[in-house]
Amino acid sequence: MKAWVAERFGEPLEVLKLKDVEIPKLEARHILVRVLTATINKNEVDGIRGIYASMATQAPFVPGFEIYGVVEQAGPGAEDWVGKHVIGMPRGGHGGYAEYAVLPTVMAFEVPASMPASTASSIFWPFHLAWLCLFTRARLQMGETVLIHAGAGGFGSAAIQLAVHAGARVIATAGSDEKLALCRELGADVAINYRKQDFVREVLDATGGRKVDVAVDSIGGDVLEQTWLCLNYGARHILLGFSSGIEQEDERPVLLRQLIFGNISMVGVLMTYVDDNPTDDDSGVSGVAYPKVNFNMPSRAMGEEIHRNILDLMARGRIRPVVGLEVGFADLPQAIDRFDRREIAGRVVIHTTR
């Protein structure tokens with residue numbers, strides 16, 4: 001099969017090569033998927049550079065964090081999946097930039113066969129993660145105010161829509177007029193250009209000094225500390241990633257005084273589902289050697305409930321994935337480069353058959 005291989009760690013345009021590789025072998029409770037589309041994710045870009053320690057691998061390897069396709073074969077215990085259209089994450093968070101990929105069933109979710117490929121492929125990571133952030137972990141309530149950073153990205157655009165559906169007031173940040181317009185179109189009450197405006201001052205002005213109840217932060221860095229100044233009493237600061245630099249995951253300290261004096265909560269979110277047995281992780285995440293980390297991951301049953309809710313809202317026209325760019329398989333490295341330079345609003349979808 002054809003696959004994009006990172007021959008070594010480095011810049012995607014330099015290290016990715018289209019090659020013939022063997023189709024991955026199946027294990028129990030795993031499915032072989034004929035990939036129709038892959039969707040670019042920041043984690044895999046960090047993986048290509050060799051700096052994504054959370055799900056590290058050795059080069060050469062096939063990147064690809066998130067796919068959509070049709071199940072053609074199944075390992076023991078997964079026979080019922082054959083023929084289904086699915087979205088999900090390959091084991092260990094890589095292997096998706098290929099004509100075929102293997103998914104653990106714990107990280108695979110069925111979608112209607114009639115759903116357009118670009119729509120189906122753009123659901124999984126943004127909407128599942130946004131649901132976990134807003135409702136499972138932050139427990140966002142109707143009438144609360146939520147600050148969503150990077151609101152025009154794949155995750156941010158999903159979070160805005162889910163928050164609006166929940167009856168929250170949404171303040172979003174983005175980096176261009178086009179992206180601000182998208183945030184407003186999706187239902188944001190206030191859209192702030194973080195490149196030109198002091199978002200802390202703008203949030204205070206927009207709330208009359210009351211600040212926000214929930215902040216959703218996938219950026220980290222200086223934005224993390226500035227966001228603390230936007231939080232009111234009892235607010236929840238949801239931290240789900242570090243797009244400003246993944247190395248902060250291990251290196252950036254948190255000033256605990258901010259939590260105490262601010263009477264706020266820092267809430268972490270990791271979206272990797274595991275079977276109901278908490279020690280049974282088919283995703284490949286808990287095998288990472290972090291001796292001081294306590295791994296607690298959401299259950300498969302929780303993921304299935306979230307997925308049902310998302311498909312229901314989509315069917316009723318309440319939410320929709322935002323797709324900013326679609327390209328053929330041959331143009332994948334260039335698409336990653338545009339994504340990495342933050343040129344694209346919404347998701348970037350790679351069609352393997354183009």
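In terms of hydrophobic clustering, with Ile, Leu, Val, Met, Phe, Trp and Tyr side chains grouped at heavy-atom distances under 4.5 Å, Val82 and Leu32 are assigned to different clusters. Under a hydrophobic-cluster definition in which Ile, Leu, Val, Met, Phe, Trp and Tyr are linked whenever side-chain heavy atoms come within less than 4.5 Å, directly or via other members, Leu18 and Val5 are assigned to the same cluster. Following chains of ILVMFWY side-chain contacts shorter than 4.5 Å, one cannot reach Val327 starting from Tyr68, and the two form parts of different hydrophobic clusters. By the rule that hydrophobic residues join a cluster once side-chain heavy atoms approach within less than 4.5 Å of another member, Phe65 and Ile87 end up as members of one cluster. Under a hydrophobic-cluster definition in which Ile, Leu, Val, Met, Phe, Trp and Tyr are linked whenever side-chain heavy atoms come within less than 4.5 Å, directly or via other members, Val146 and Val269 are assigned to the same cluster.
At least one donor-acceptor pair under 3.5 Å links the side chain of Thr39 to the backbone N or O of Ser121. Side chain of Asp213 to main chain of Thr145: a donor-acceptor pair is present (N/O by atom type, distance under 3.5 Å, no hydrogens or angles). A donor-acceptor pair is defined here as one N or O able to donate and one able to accept, closer than 3.5 Å; such a pair exists between the side chain of Asn309 and the backbone of Glu305. The closest donor-acceptor contact from the side chain of Arg137 to the backbone of Leu132 lies at 3.5 Å or more, if one exists at all. A donor-acceptor pair under 3.5 Å is formed between the side chain of Thr352 and the backbone N or O of Val35. Side-chain N or O atoms of Ser218 include none that pairs as donor or acceptor with a backbone N or O of Leu240 at under 3.5 Å. At distances below 3.5 Å, at least one donor-acceptor pair connects side-chain atoms of Gln161 with backbone N or O atoms of Ser157. Side-chain atoms of Glu326 never come within 3.5 Å of backbone atoms of Val349 as a donor-acceptor pair (strictly under, hydrogens ignored). Judged by distance alone, the side chain of His307 and the main-chain N or O of Glu110 form a donor-acceptor pair under 3.5 Å. Checking side-chain atoms of Glu27 against main-chain N and O of Lys25 turns up no donor-acceptor pair under 3.5 Å.
Between Asp46 and Lys42 there is a salt bridge, with a side-chain nitrogen of the basic residue lying less than 4.0 Å from a carboxylate oxygen of the acidic one. In this structure, Glu7 does not pair ionically with Lys17, as no charged nitrogen and carboxylate oxygen lie closer than 4.0 Å. A salt bridge links Glu11 to Arg49: at least one charged side-chain nitrogen sits closer than 4.0 Å to a carboxylate oxygen.
By the 30° and 60° cut-offs, the orientation of the rings of Phe329 relative to Trp4 is perpendicular. Ring orientation note: the planes of Phe124 and Phe109 are tilted relative to one another, at an angle of 30° to 60°.
Contact detail for Gly151 and Ala172: the closest heavy-atom pair is CA-CB, 4.5 Å. Between Glu66 and Pro90, the shortest heavy-atom distance links the atoms N-CD, 4.2 Å. Val348 approaches Ala335 most closely through the heavy-atom pair CG1-CB, 4.0 Å. Nearest heavy-atom pair, Val190 versus Arg169, reported as atom, atom and distance to 0.1 Å: CG2-NH2, 3.8 Å. Closest approach of Ile171 and Ala206 over heavy atoms only: CD1-CB, 4.2 Å. When all heavy atoms of Asp217 and Ile219 are compared, the pair lying nearest together is OD1-N, 2.8 Å.
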inquiry  = Before you tell me yes or no, could you show the steps for His237 and Gln258 under side chain to side chain contact (heavy atoms under 4.5 Å, CB included), namely the whole-Å CA-CA distance, both residues' side-chain angles and the distance that decides it to 0.1 Å?
reply    = CA-CA 12 Å; His237 185 161; Gln258 290 280 13; over 6 Å; no

inquiry  = Evaluate Arg341 against Asp337 for salt bridge (Lys or Arg N to Asp or Glu O under 4.0 Å), listing each step before the verdict.
reply    = CA-CA 6 Å; Arg341 287 188 277 115; Asp337 183 61; 2.7 Å; yes

key: Verdict with supporting geometry, Arg308 and Asp312, salt bridge (Lys or Arg N to Asp or Glu O under 4.0 Å)   = CA-CA 6 Å; Arg308 285 192 297 270; Asp312 175 66; over 6 Å; no

ask   = How far apart are the C-alpha atoms of Asp275 and Arg29, what are their side-chain angles, what is the distance that settles it, and do they pass the side chain to side chain contact (heavy atoms under 4.5 Å, CB included) test?
value = CA-CA 11 Å; Asp275 283 326; Arg29 295 186 300 173; 2.8 Å; yes

key: Residues Val212, Leu231; criterion side chain to side chain contact (heavy atoms under 4.5 Å, CB included); working and verdict   = CA-CA 5 Å; Val212 303; Leu231 304 179; 3.8 Å; yes

query = Do Glu72 and Tyr100 pass the side chain to side chain contact (heavy atoms under 4.5 Å, CB included) test, and can you show the C-alpha distance, the side-chain angles, and the key distance before you say yes or no?
reply = CA-CA 9 Å; Glu72 291 201 349; Tyr100 287 89; 3.3 Å; yes

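Surrounding CG of Asp189 are more than 12 heavy atoms belonging to other residues, nucleotides or ligands, all under 6.0 Å away. Atom CZ of Arg316 has more than 12 neighbouring heavy atoms from other residues, nucleotides or ligands inside a 6.0 Å radius. Taking a 6.0 Å sphere around CD of Gln334, one finds it holds more than 12 heavy atoms contributed by other residues, nucleotides or ligands. Open room surrounds CD on Gln58; 12 or fewer heavy atoms of other groups in view lie less than 6.0 Å from it.
With rounding to the nearest 0.5 Å, the separation of CE in Met271 from CE in Met297 is 12.0 Å. Going from atom CD1 of Ile238 over to atom OG1 of Thr227 covers 12.0 Å, rounded to the nearest 0.5 Å. Distance check: Ile160 CD1 to Leu182 CG gives 7.0 Å after rounding to the nearest 0.5 Å. Note: Ile350 CD1 to Ser118 OG = 12.0 Å, rounded to the nearest 0.5 Å. Of the inter-residue distances, the one linking Ile31 atom CD1 with Asp80 atom CG reads 11.5 Å to the nearest 0.5 angstrom. Here the NE2 atom belonging to His165 is positioned 6.0 Å from the CH2 atom belonging to Trp131, to the nearest 0.5 angstrom.
A heavy-atom distance below 4.5 Å is not found between the side chains of Asn193 and Glu202. Using a 4.5 Å heavy-atom threshold, the side chains of His85 and Ser114 count as separate. The shortest side-chain heavy-atom distance between Leu186 and Val164 does not fall under the 4.5 Å cut-off. For the pair Phe9/Phe61, a side-chain contact is recorded, criterion being any heavy-atom separation below 4.5 Å from C-beta on. Two residues are said to be in side-chain contact when any heavy atoms from C-beta on lie closer than 4.5 Å; Leu259 and Met266 meet this criterion. In this structure, the side chains of Ser176 and Glu343 stay at 4.5 Å or more apart for every pair of heavy atoms. At a threshold of 4.5 Å between non-hydrogen side-chain atoms, the residues Glu144 and Arg236 count as touching. With a 4.5 Å cut-off on side-chain heavy atoms, Arg347 and Pro321 do not count as touching.
A side-chain hydrogen bond (donor to acceptor under 3.5 Å, both in side chains) with Thr173 is found for one member of Gln197, Lys179, His149 and no other, namely His149.
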